[in-house]
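Here is the naming used below: chain letters follow the sequence lines, and residue numbers restart at 1 for every chain. Everything numeric in this text was worked out from a predicted model, so none of it was measured.
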Number of protein chains: 4
Amino acid sequence: MGSFKGHALPGSFFLIGGLWWTGKYSFWHATRRNKSLGSTRLASRASQRRLEVIESSLMLFFSVVGMLAEQFAANGPQLQLYDTSENHWKDLMNWQHATMYLFFSLAGVTSLVVHATDAVPLALDRLAMALAFFNEGFLFLYHLHGRNMLDVHVHYMLLYAVFSQALVVFLEVFHRGNITLELLRSALCLLQGSWFWQIGYVLYPPSGAEWDLADHNNMMFITMCFCWHLAASMLTVGGLYCAINCAVRSRLKRTPPVEMGLLKLRDRELESDDETL
Amino acid sequence: MGSFKGHALPGSFFLIGGLWWTGKYSFWHATRRNKSLGSTRLASRASQRRLEVIESSLMLFFSVVGMLAEQFAANGPQLQLYDTSENHWKDLMNWQHATMYLFFSLAGVTSLVVHATDAVPLALDRLAMALAFFNEGFLFLYHLHGRNMLDVHVHYMLLYAVFSQALVVFLEVFHRGNITLELLRSALCLLQGSWFWQIGYVLYPPSGAEWDLADHNNMMFITMCFCWHLAASMLTVGGLYCAINCAVRSRLKRTPPVEMGLLKLRDRELESDDETL
Amino acid sequence: MGSFKGHALPGSFFLIGGLWWTGKYSFWHATRRNKSLGSTRLASRASQRRLEVIESSLMLFFSVVGMLAEQFAANGPQLQLYDTSENHWKDLMNWQHATMYLFFSLAGVTSLVVHATDAVPLALDRLAMALAFFNEGFLFLYHLHGRNMLDVHVHYMLLYAVFSQALVVFLEVFHRGNITLELLRSALCLLQGSWFWQIGYVLYPPSGAEWDLADHNNMMFITMCFCWHLAASMLTVGGLYCAINCAVRSRLKRTPPVEMGLLKLRDRELESDDETL
Amino acid sequence: MGSFKGHALPGSFFLIGGLWWTGKYSFWHATRRNKSLGSTRLASRASQRRLEVIESSLMLFFSVVGMLAEQFAANGPQLQLYDTSENHWKDLMNWQHATMYLFFSLAGVTSLVVHATDAVPLALDRLAMALAFFNEGFLFLYHLHGRNMLDVHVHYMLLYAVFSQALVVFLEVFHRGNITLELLRSALCLLQGSWFWQIGYVLYPPSGAEWDLADHNNMMFITMCFCWHLAASMLTVGGLYCAINCAVRSRLKRTPPVEMGLLKLRDRELESDDETL
C-alpha cells in the first residue's frame, strides 16, 4: 500500500464516514431538541434503527471488500501467509491491512446484530468500534520500524487521531447519546481521513517534488499542519451542525404538525424509550 | 517456568476462566432481560450467590496449589529466599510466579468474604481482582531485562492484555453489573489465555523448529498475530453470548412460568435489590 | 517570540484569565449557595449569560489580535508560508504561535455561539477550550528539538500545566458546573501565566545575569520553583474564593430581599433550569 | 535526609496515617450500614466533623513542624536559598522536602476550612490532598538524576505508590464517600509508609551489610518485595476493616438503642444530609 492511492483510498472512506456521522448525529440531535414542534415526523425511532442497520451493512460490505482487495489484488498474498520455499513471511503489509479491515468488519457485524435484533446490549456496538480503532492504531504503532524521521512523524500524528478516536468511542460506551462525544468522534474521523491524504502528499507527492524526509523544519511544519487539519475538521463539523440545525427548524416551522395525532401508539412508546437510552 | 508447559498451564487456566465468565455473565444478563417470562426460576439471587462462592473457592484453591507447586516442585526454592552459602537470591523466577498466585489467592479470599457474608462492601472483590491483574503485569514488566527482542515483544503483547484487564476490572468498581465491561473482561481473559499458549509455541516450539528471535519480520507477524487472537476471543465471546441468550429464551418460552406465585417473598426482595446494585 | 516580552505577554493574559475565572466562578457559586437569602438579585441567569458572551467576545478579540500581531509585526511572515527563493519554511515559530491563537479564537467563537444562541449543546464550549489547550501543549511538545537542557526542562514544566488544564476542561464536558474543577482550572491557568513569566526570567533575564542552562542544580531548583508557583496559585484562588464568598454573604444579609416578589416568572424558570445544567 | 532515619521518619508518619484512615473509614462505614440498629449513637454527623477537624489540625501541625525541621535542623539552609559567596543553591534537598511538607500543610489548611466552616465546597479537601501527593511524586521524579540503578529503582517503586494515591484521591473528588476508594487510599498510604522503611533498609542498612546497588537480581527481588508490601498492606486494611465491623455490630447488639428518641431534630437532619453527600 506504499503509494499515493493506497493512502488516498482509506482517507476518502474516513472523510465520507466523518461527514456522514456529523450529518446523522446533528440531524438526530436537532429532532430531539425540537420535539415540541413535532419533529418525530422527521426521525422516528424505527427510521433511526433502519438507518443504523444500513450504515452497519455498508461498513461491513466495504471492509470485506477491503480485505479481499488486500488479499487478491495484483501483488496480494492470496491467503498464503508463509512462503516455505524462501522461508519468510509473505506480504506482511497486506496481511496487516487486511487485519485492520477485519476488525472494522467485526464492528460492522456487531452493530448489525445490535440494531437488527434485540438480543445484544446496545453498548456493544461502541465497544467493537473502539476496539477496531484501537487495533488500527496498534498495528500502525509497530509498523514504523526503520523508516525515515518524517515518515515516522506523519504516522505518529495519525496515531494521535486514531487513538483519540478509540478513546472517545470507548467513552461512548458509558455516555451513549452524548452529542459532544459524537461530534468529537466525527471531527476526529474527518481529521483521520484528511490526514491520510496529507500523508499521501508528503510521502508520495503526485507533483514529483520530493520532501526532504530528514529535515527538522519539515517536521515542525507537519506538526503545525496537523493542527490545521484539526481546526478544519472542527470547522466542518461545526458548520454542518449549524446548517442542519437551521434546516430542521425552518422546515418544522413551515409545516405545522397536523398529522401528529395519526402516529401509532407503538411508535410513541419507542420514542420515549429513546430518551432513556 | 521457562518451558512450553510452564506457559501452557496458566494459559489453560485463563482460557477456562474466560469461557466460564462469558457463560456466567451471558446467562445472568439473559435472565435479567427476560424477567417478564419468569426467568428468575433459572437464576435466583440466592443461586447467583452460591455460584460466586463456588467460583471464589475454586480460584482460591487453584492459586494456593499454584503457589505450592512453584515452591515445592522439582527445582523450587522450598520457601528458602536467600542462599547464604553462595550469596545470591534463590530461584527468583519461582518466587515471582508464587507472588502472582498470592495476589490471585487474595482476590479469591476477598471475593469469598464478599459473597459469603454481608460484612464487606461488594465492590471490594473487583478491586482485589484489579490489583491481582495489575500485580501480574507489574511483575512481568520488570521480568524482561536482557532478553531477546522477540521474547521481550511477545511479553509486551501479553502486558497489553493484562493491564487492559486490570483497567477494565477497576472500571467495574464504579460500573458494577455493566454487561459490556463484563464481556470485555471475559474476552481479555480469553486473549491472555490463548496468548500464553502462543508464547509457549514461539519461545519453546514443540515441533523443534526454532524462531529467529532477532528477525524484525517475525516481530511484525507476532504483532498481527496478537490482533488475530483478540479477534478470535471477541468472536468466541460473541458467539457464546448469542447461543446462551437463544437457549434461555427458547427454554423460557417452552415452559410457561406457572410456579411464579410460589416464590417466597424474601427471594423477590433480594431480586429487586439485585437491580439496584 | 524568543524574548522576555514574548513570554511575559501571554503570561499576563493567562494571569488575568485565571483571576477572572476565579472571581466569576466563586461569585456564581456563592450566589447559588445563598439562594435562600435572595441571591438571584446579584446574578440572574440572564446576567450570567451576558457575562459569558462578553468573556467569549474578549477571548475572540484578543486571540485574533494575537494572530495578526504574529503575522504582521516587525519580523512576521506576513501570511507567506514558504520562501520559494531560498527553499525553506518562513518564520515557522510565528506560524506556530498564530496556530495556537487560532484555536483559542475557535474556542471563543464556539463559546459565543453556545451562549448567544440556543442552537448548540452547552458542553461544546468546554470541548473547544479543551482542544485549544491540548493544541497549545501539542505544539510546544514538538517545539523543543535541539535546545539546552534547562530550556527544555522549563518548557516541560509548562506542558504539565497546559495538559493538566486540557484534561480538567475535558472533564468539565461531563461534570459541568463542578466548582472543584472550575477552581482547579482557574489555579492551573494562573500557574501557566506565572510560569510564562518565570520562563522569561530564566531564559532572557532582564537583569543580565545569565543562568547556566546545563547545570543540574538549576534544573532541580526550577522543578521546585514550579511547585511554589502551583502553591502560590492555589493560595491565590483559595484567598479570592473566600473573600468573594464573605462579600456576597455580608451584602445579602445587609439588604433583605424585599423585591423578591417582583421577579418575573420567566426568570425564575430559567433559574431552576440552571440547577439542572 | 540521606540517612536511615530520614526515611524511617516519614515512613512512620504514613504508616500511622494509613492505619488511622483505615480505622476511621471502616468505623464510619460500619455505622452507616447498621443504622437500623441505632448506630448514629456511635458516630453522629457532628462527631464526624469534629474528628475531621482534629485530623486536619494534626496534619497541619506535623507538616509545619516538618518544614521547620528541614529548615533549621543541624545542616538546614535556615531559609537561605542561594549562597551568593559560592554561587550555588543551598541545600536543595532540604528545600525540596520542605516544599513537600508545604503542600501537605496546604492540604491540612484546606481540610480545616472545609470541615470547620460551611464556606467552601466539600470536594476541595480531596483536591488539595491529591495535589499534595502529586507534588510529592513530582519532586521525587526529578530527584533521581545520576544515582545508582537500585537507588533509582526503589524510588520508582515509591512513585508507583505515590502517584496511584494521588489518582485515587483525585477520583474521590467525584466519588466522595466511596468506601472502596477510601480503603484503597488507606492501603496505598500504608504501602508508602512501609516502603519508606524498606528504602531505608536497602540504601542505609543499619546492619552494615551493604547491598550491591548495580546487581540485576537485587532489582528483581526489590520489585517482588514491593508486591509483598502491597499484599501486606491489603491484608492489614482487610483485617482491620473486618475487626472494626464485628466490634461495632456486637456492641450495637448488646446495647439496644433506647435513647434514640432523644436525638435533637437538627442532628437528624444533618444525618440525612450526610447520606446525600
Between Tyr142(C) and chain A, which part of the residue has a heavy atom less than 4.5 Å away: side chain, backbone, both or neither?
-> both

Non-hydrogen side-chain atoms of Phe138(C) and Met157(A) separated by less than 4.5 Å = yes

Heavy-atom nearest pair, Gln96(C) first then Met224(A), reads N-SD, 3.4 Å

Check the surroundings of atom OH in Tyr156(A): do more than 12 heavy atoms from other residues, nucleotides or ligands lie under 6.0 Å from it?
-> no

CE (Met234(A)) and CG (Asn135(C)) are apart, to the nearest 0.5 Å, by 8.5 Å

With only heavy atoms counted, which part of Val173(C) is less than 4.5 Å from chain A, the side chain, the backbone, both or neither?
-> side chain

Do you know which of Thr223(A), Ile179(A), Asn245(A) has the most heavy-atom pairs under 4.5 Å to chain C?
-> Thr223(A)

For Asn217(A), is it the side chain, the backbone, both or neither that has a heavy atom under 4.5 Å from a heavy atom of chain C?
-> both

How long is the gap from CH2 on Trp228(A) to CG on Leu102(C), to the nearest 0.5 Å?
-> 9.5 Å

What option among Leu81(C), Thr110(C), Val109(C) has the most heavy-atom pairs under 4.5 Å with chain A?
-> Leu81(C)

Does some side-chain heavy atom of Leu171(A) sit less than 4.5 Å from a side-chain heavy atom of Phe174(C)?
-> yes

Interchain contact, Asn178(A) with chain C, by part (heavy-atom threshold 4.5 Å) | side chain

Grab the two heavy atoms, one from Tyr241(A) and one from Pro121(C), that are nearest each other, plus how far apart they are.
-> OH-CD, 3.1 Å

Most contacts with chain C, counted as non-hydrogen pairs under 4.5 angstrom, among His216(A), Met220(A), Arg249(A) = His216(A)

Part of Tyr82(C) lying under 4.5 Å from any heavy atom of chain A | neither

Euclidean distance, Trp89(C) CH2 relative to Ile222(A) CD1, rounded to 0.5 Å | 7.0 Å

Mind checking the SG-CZ spacing from Cys227(A) to Phe134(C)? Nearest 0.5 Å is all I need.
-> 8.0 Å

